[in-house]
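Before any comments, here is the structure.
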Amino acid sequence: MDKYDHKTIEAKWQRKWEENKINVVDIEKAKKPFYNLWMFPYPSAEGLHVGHAFASTAADIYGRYKKLCGYDVFQPIGYDSFGIHSENFALKIGEHPKIFTDRAIKNYERQLRAMGHMDDWSRTVTTSDPIYYKWTQWIFLQMYKAGLAYRAKANVNFCPECKTVLSDEQVIDSKCERCSTEVTKKELEQWFFRITKYADKLLKNLDKLNWTEKIKLTQKNWIGRKEGRKIRFGDIEVFTTRVDTIFGATFVILSPNHPLAGKAKTVVNPATKKEIPVFVDEYVMDSVGTGAIMGVPAYDDRDLAFARKMNLPVVKAKLTDKVFGEKMITYHLRDWLISRQRYWGPPIPMINCSECGWQPVPEKDLPVELPFIEDYQPKGAGRGPLENYPEFYKTKCPKCNGPAERETDVSDTFLDSAWYELRYPSTNFKNVPFDKKITKKWLPVNMYTGGPEHAVLHLMYFRFVAMALFDMGYLPFAEPCERFFAHGMLVKNGVKMSKSKGNVVNPDEYIAKFGADTLRLYLMFMGPVENGGDWRDTGIAGMRRWVDRVWQVINQKLENLEEGTEGMLEANKLVKKAEEDVERRHYNTTISAMMVFINGIADSNKKVGRKTLEKFLIVFSMFAPHLVEELWEKLRGKDSVHSQKWPEAGKITTESSVVVVMINGKMRATVPAGNKETVERLAKEDPRVAKYLSGNDIQKVVFVSGKVINFVL
RNA sequence: GCAGGCGUGGUGGAAUGGUAGACACGCAGGGCUUAGGACCCUGUUCCCCUCAUACGGGAGUGAAGGUUCAACUCCUUUCGCCUGCACCA
């Protein structure tokens with residue numbers, strides 16, 4: 001028998017699947033649509049790394065399972081190719097972002113295809129393509145028309161390295177999400193999306209979403225809804241969630257930005273009617289509540305610290321249930337700043353006219369194409385590189401036809417990805433971003449897989465955009481995704497992979513050496529998908545040994561296929577186990593069950609029937625699609641394993657054939673299963689049990705059929 | 001500080017109230033081989049008993065309590081680690 005040659009077999013089937021279009025779904029005619037989405041990657045210089053392989057394989061196995069269960073699974077793929085992520089790579093290597101991105105995409109496609117996923121390559125989406133970003137700009141215009149996009153001067157986050165402003169969500173521990181540079185504040189006029197209008201809805205809808213709980217919690221914390229009261233202390237309104245402590249309020253503190261900061265000296269506490277001093281201190285934040293608090297040193301540690309510092313009285317007053325002021329709700333969530341002073345993004349489709357002010361670009365003029373320019377370096381002076389290209393920005397006012405200037409900022413890359421799930425099923429439509437009928441049929445996304453790092457970035461924005469489009473009447477649903485599964489992070493030898501550490505693992509060499517099927521199995525065997533995993537080279541070599549063994553064993557069985565019953569029970573157990581595991585993505589235990597099956601039939605004397613082999617191969621096909629297709633061809637000659645029906649688990653005797661005998665809860669022996677009387681008699685006869693029973697009174701006998709008998713002495 | 005999660009062999013992990021450590025990795029011993037690799041077999045939580053093996057016994061899931069016939073699993077306290085948010089009033 002041939003040795004397992006992954007190179008030939010994987011190339012052969014990838015070619016055949018492409019020719020036979022087995023992964024292309026008929027979007028129009030599909031009867032049981034299932035939209036299985038994986039967060040599309042941004043093309044980087046390094047190419048795909050094993051973290052991508054891990055996440056996409058996890059999603060792919062789920063998609064394959066749904067397909068076997070009879071769904072028309074649509075599993076698209078694309079590139080988040082606009083934005084700082086890709087542009088920074090281009091800048092680093094000194095290549096024009098357009099040229100670099102095109103090249104990187106080709107590399108990504110090669111790598112993704114090599115994984116053997118059931119991706120539908122006929123409907124890719126590339127966010128930097130004018131065909132796509134025409135509609136990103138269209139979405140901006142709809143937001144503007146709906147009053148959800150506005151321009152305002154604000155003290156915003158600015159990254160000195162990326163030379164652009166950033167949204168709150170893109171600042172992690174006061175550092176830039178992309179380059180980890182300390183972010184500064186700048187007073188600038190920028191475009192914002194009014195996401196705060198949806199704060200309550202974003203929060204409330206979380207309850208009905210079947211999403212990884214951790215993600216929902218992170219979103220909840222980020223929205224940060226807080227209910228309290230706004231209370232007048234003279235001219236100053238303070239915000240508090242602890243009205244009951246008002247009798248202990250011995251001073252008022254304003255944030256340094258408060259309009260009355262430095263002006264008001266004293267105010268009257270409305271509860272005690274006493275005159276109390278007003279201070280200004282940085283520990284009171286502008287952005288929370290009213291920017292003013294009542295200082296209650298007896299009940300608040302920070303107020304106490306301030307009181308001690310300033311020698312202010314600490315009054316332990318009794319708590320009150322009397323009501324003061326009026327109800328006020330505050331949020332942590334801020335409006336989404338979407339301007340970027342960069343080159344590599346969709347130009348914001350707005351025109352500034354000295355006569356008419358800001359005017360939206362008429363929809364018929366979309367897209368506002370991003371010109372190919374030579375000087376694409378970010379400038380850092382508050383405007384993007386396009387400001388040096390009058391041939392781009394000089395235009396006419398759509399309202400008065402007078403001379404006017406285009407916005408030279410581009411939009412945030414998170415706007416590109418905030419609606420891409422809507423585009424995939426409608427890529428063939430030229431005149432609309434997404435077709436109404438198709439959208440109704442295929443969306444919301446049935447299963448979405450991605451990283452938890454997007455909890456308050458992409459995953460918040462794409463919910464917001466869908467909600468807004470729903471309210472505008474463009475979508476029949478407000479939530480874009482029914483189920484979201486957050487995978488864990490893949491590390492290497494216990495250390496996070498990063499470019500700076502130089503320990504990023506590229507899947508190419510492993511696919512070349514061991515094959516994609518082995519890589520898939522190895523990645524999924526590391527543990528539950530949500531936990532991530534630790535990449536070790538020795539581990540993948542071990543998995544390849546098992547794959548070779550499966551190849552040997554199954555081929556041997558195929559050569560003399562007989563109607564034996566060996567392995568039937570294990571195959572049935574495997575089918576049942578897989579059904580439970582796949583939903584939770586505990587693929588590791590399914591692989592373990594497959595190993596048990598193979599160990600059980602490995603002996604060349606064991607006769608395994610066709611049905612048993614088929615069950616095993618169908619389960620195995622989700623994990624090793626190429627290898628199994630090859631074996632399936634040998635077994636059945638014609639059809640593809642990937643178009644089979646998920647097998648019935650058949651009859652499984654859930655009750656074990658032995659019963660555990662316990663004395664006072666400690667396991668002492670096992671006896672053959674049976675009814676209570678038989679088991680009890682057999683147990684008492686067993687010398688290992690009898691020696692404990694002699695000379696002791698049995699106070700109680702607990703019998704659980706097929707499982708355990710416990711003698712309490 | 002607030003919220004959430006996790007803690008099991010040398011390692012990844014399994015077991016969701018009923019035989020703890022499935023399945024692997026690694027390691028050790030043996031077989032095969034000119035040799036190495038590959039492959040196959042055996043062993044591998046700790047301690048005691050034993051010349052040794054078999055058999056047998058005890059302890060054991062971060063720690064301490066509790067509930068239960070029975071606890072890795074449920075409850076309480078505590079320690080350690082991780083994640084999110086945060087001078088959030």
Side-chain angles (χ1 to χ4, degrees), chain A residues 3 172-173 212-226 228-229 231 238-243 245 249 252-253 255 281-285 287-296 299-303 305-306 330-332 452-453 455-456 486 488-489 493-494 521-522 525-528 530-546 548-549 552 577 586 588-599 602 656 658-670 687-688 691 698-713:
Chain A
K3 204 173 175 317
I172 316 284
D173 288 337
T212 301
E213 284 302 319
K214 199 174 70 178
I215 302 295
K216 297 210 287 187
L217 192 69
T218 303
Q219 290 207 349
K220 192 181 164 193
N221 288 340
W222 185 259
I223 295 166
R225 185 183 198 272
K226 200 167 289 161
R229 298 192 84 80
I231 306 168
V238 306
F239 175 74
T240 183
T241 54
R242 292 289 308 273
V243 197
T245 65
V252 162
I253 311 170
S255 88
D281 197 279
E282 283 182 347
Y283 89 83
V284 177
M285 291 187 301
S287 56
V288 178
T290 58
I293 62 161
M294 57 181 198
V296 189
Y299 294 99
D300 186 285
D301 289 346
R302 285 150 314 159
D303 293 349
F306 187 79
T330 71
Y331 299 89
H332 172 261
E453 69 275 12
V456 295
M489 193 173 56
N493 299 324
L521 280 160
Y522 169 60
F525 190 55
M526 289 190 294
E530 70 208 77
N531 292 359
D534 193 354
W535 176 278
R536 282 161 208 263
D537 285 3
T538 50
I540 189 166
M543 185 54 80
R544 173 57 198 237
R545 282 203 290 276
W546 184 70
D548 283 333
R549 186 170 146 91
Q552 290 275 332
K577 184 94 184 104
H586 286 208
N588 55 326
T589 44
T590 305
I591 295 171
S592 161
M594 294 193 296
M595 289 170 168
V596 170
F597 173 82
I598 290 295
N599 287 345
S656 141
V658 292
V659 166
V660 171
V661 184
M662 288 176 161
I663 309 291
N664 289 335
K666 280 203 187 301
M667 185 264 193
R668 294 299 172 189
T670 56
R688 290 169 297 181
K691 72 177 181 185
I698 299 172
Q699 293 183 355
K700 195 173 172 184
V701 179
V702 180
F703 178 72
V704 182
S705 183
K707 283 188 175 165
V708 76
I709 186 162
N710 190 12
F711 294 97
V712 185
L713 305 182

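Because the structure is predicted, anything quoted here is derived from the model rather than measured.
As rounded to the nearest Å, B:U8 and B:C32 have P atoms that lie 42 Å from one another. Across the P atoms, B:C25 and B:A20 are found 25 Å apart, a figure rounded to whole Å. Taking atom P on both B:C23 and B:U45, the two are 13 Å apart, rounded to the nearest angstrom. Taking atom P in both B:A24 and B:U34, the straight-line distance is 30 Å, to the nearest Å. The same atom, P, is picked in B:U42 and in B:A54; the two are 15 Å apart, to the nearest Å. Nucleotides B:G60 and B:C72 place their C1' atoms 11 Å apart, quoted to the nearest Å. Of the C1' atoms belonging to B:G37 and B:C47, the separation is 39 Å, rounded to the nearest Å. For the C1' atoms, the distance from B:A70 to B:U16 is 15 Å, rounded to whole Å.
Of the candidates B:G18, B:A22, B:U19, the closest approach to any side-chain atom of A:Ser592 belongs to B:A22. Closest to the side chain of A:Arg668, out of B:G58, B:C87, B:A15, is B:G58. For A:Phe239, whose side chain is taken as the heavy atoms from C-beta onward, the closest listed nucleotide among B:U19, B:A89, B:A22 is B:A89.
Looking only at side-chain heavy atoms (C-beta outward), A:Met543 and A:Ile591 come within less than 4.5 Å of each other. A 4.5 Å side-chain heavy-atom check between A:Lys216 and A:Glu213 finds at least one atom pair inside the cut-off. Considering only heavy atoms from C-beta on, A:Tyr283 comes within 4.5 Å of A:Asp303 through its side chain.
Spacing between atom CD1 of A:Ile663 and atom P of B:G58 amounts to 12 Å, rounded to whole angstrom units. Atom CE of A:Met489 and atom P of B:C6 are 18 Å apart (whole Å). Rounded to an integer number of Å, the gap from A:Ile293 CD1 to B:C88 P is 9 Å. In this entry the distance linking CD1 of A:Ile598 with P of B:A24 reads 11 Å, nearest Å. A:Asn664 places its CG atom 17 Å from the C1' atom of B:U19, with the value rounded to the nearest Å. In this structure, A:Asp303 places its CG atom 17 Å from P of B:G1, rounding to the nearest Å. Rounded to whole angstrom, the span from the CG atom of A:Asn710 across to the C1' atom of B:U68 amounts to 11 Å. A:Phe306 has its CZ atom 17 Å from the P atom of B:C87, to the nearest Å.
The closest donor-acceptor contact from the side chain of A:Tyr522 to the backbone of A:Arg536 lies under 3.5 Å. Although no hydrogens or angles enter the test, the distance criterion places no donor-acceptor pair under 3.5 Å between the side chain of A:His586 and the main chain of A:Pro528. A donor-acceptor distance shorter than 3.5 angstrom exists from the side chain of A:Thr290 to the backbone of A:Ala292, with no hydrogens or angles considered. A:Thr218 places no side-chain N or O within donor-acceptor distance of the main-chain N or O of A:Ala455, the cut-off being under 3.5 Å.
Using a 4.0 Å heavy-atom cutoff across all strands shown, A:Phe525 reaches at least one base atom of the nucleic acid. At a threshold of 4.0 angstrom between heavy atoms, the contacts of A:Arg225 with the nucleic acid are absent. Heavy atoms of A:Pro528 sit under 4.0 angstrom from primed sugar atoms or phosphate atoms, though from no base atom. Contact annotation for A:Met667: base contact, defined as any heavy-atom pair under 4.0 Å involving a base atom. Nucleic acid contact for A:Val596: sugar-phosphate only, since backbone atoms but no base atoms lie under 4.0 Å from a heavy atom of the residue. A:Asp548 comes within 4.0 angstrom of nothing in the nucleic acid, heavy atoms only. Counting non-hydrogen atoms under 4.0 angstrom, A:Val704 reaches a base of the nucleic acid. Across all strands, A:Met285 comes closer than 4.0 Å to base atoms (heavy-atom distances).
To the nearest 0.5 Å, atoms CE (A:Met667) and CG (A:Asn710) are separated by 12.5 Å. With rounding to the nearest 0.5 angstrom, the CD1 atom of A:Ile663 is 9.5 Å from the CD1 atom of A:Ile709. Here the straight-line distance linking atom CZ of A:Phe597 with atom CG of A:Asn599 works out to 11.0 Å at 0.5 Å rounding.
Comparing A:Thr241 and A:Val702 by the nucleotide of RNA chain B that holds the closest heavy atom to each, the one mapping nearer the 5' end is A:Val702. In terms of position along RNA chain B, the nucleotide closest to A:Gly532 lies nearer the 5' end than the nucleotide closest to the other residue of the pair A:Gly532 and A:Met543.
Applying the 4.0 Å criterion to OP1 and OP2 of B:C25, one finds that A:Arg545 has a side-chain N or O inside that range. OP1 or OP2 of B:A70 has not a single side-chain nitrogen or oxygen of A:Lys666 nearer than 4.0 Å. Taking only side-chain nitrogens and oxygens, A:Asn531 never comes nearer than 4.0 Å to OP1 or OP2 of B:C6. Look at A:Asn588 and you'll find a side-chain N or O under 4.0 angstrom from OP1 or OP2 of B:A14. The phosphate of B:A24 has neither OP1 nor OP2 within less than 4.0 Å of any side-chain N or O from A:Arg536.
Across every non-hydrogen atom of A:Ala249 and A:Met294, the tightest pair is CB-CB, 3.9 Å.
Between the side chain of A:Lys700 and the base of B:C69 there is no donor-acceptor pair of N/O atoms closer than 3.5 Å.
Helical stems involving RNA chain B, defined as 3 or more consecutive Watson-Crick or G-U pairs under 3.5 Å, span B:1-7 with B:79-85, B:10-12 with B:23-25, B:26-31 with B:39-44, B:45-48 with B:56-59, B:62-66 with B:74-78.
Scanning for side chain to side chain contact (heavy atoms under 4.5 Å, CB included) contacts around A:Val243 gives A:Arg229, A:Ile231, A:Thr240, A:Phe324, with sequence neighbours left out.
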Worked verdict on A:Arg225 versus A:Lys220 for side chain to side chain contact (heavy atoms under 4.5 Å, CB included): CA-CA 8 Å; A:Arg225 185 183 198 272; A:Lys220 192 181 164 193; over 6 Å; no
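Shown here, B:G9 is classed syn by the O4'-C1'-N9-C4 or O4'-C1'-N1-C2 angle, which is within 90° of 0.
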Which atoms of nucleotides 83-85 of chain B (N or O only) lie under 3.5 Å from a protein N or O atom, and what are those distances?
none

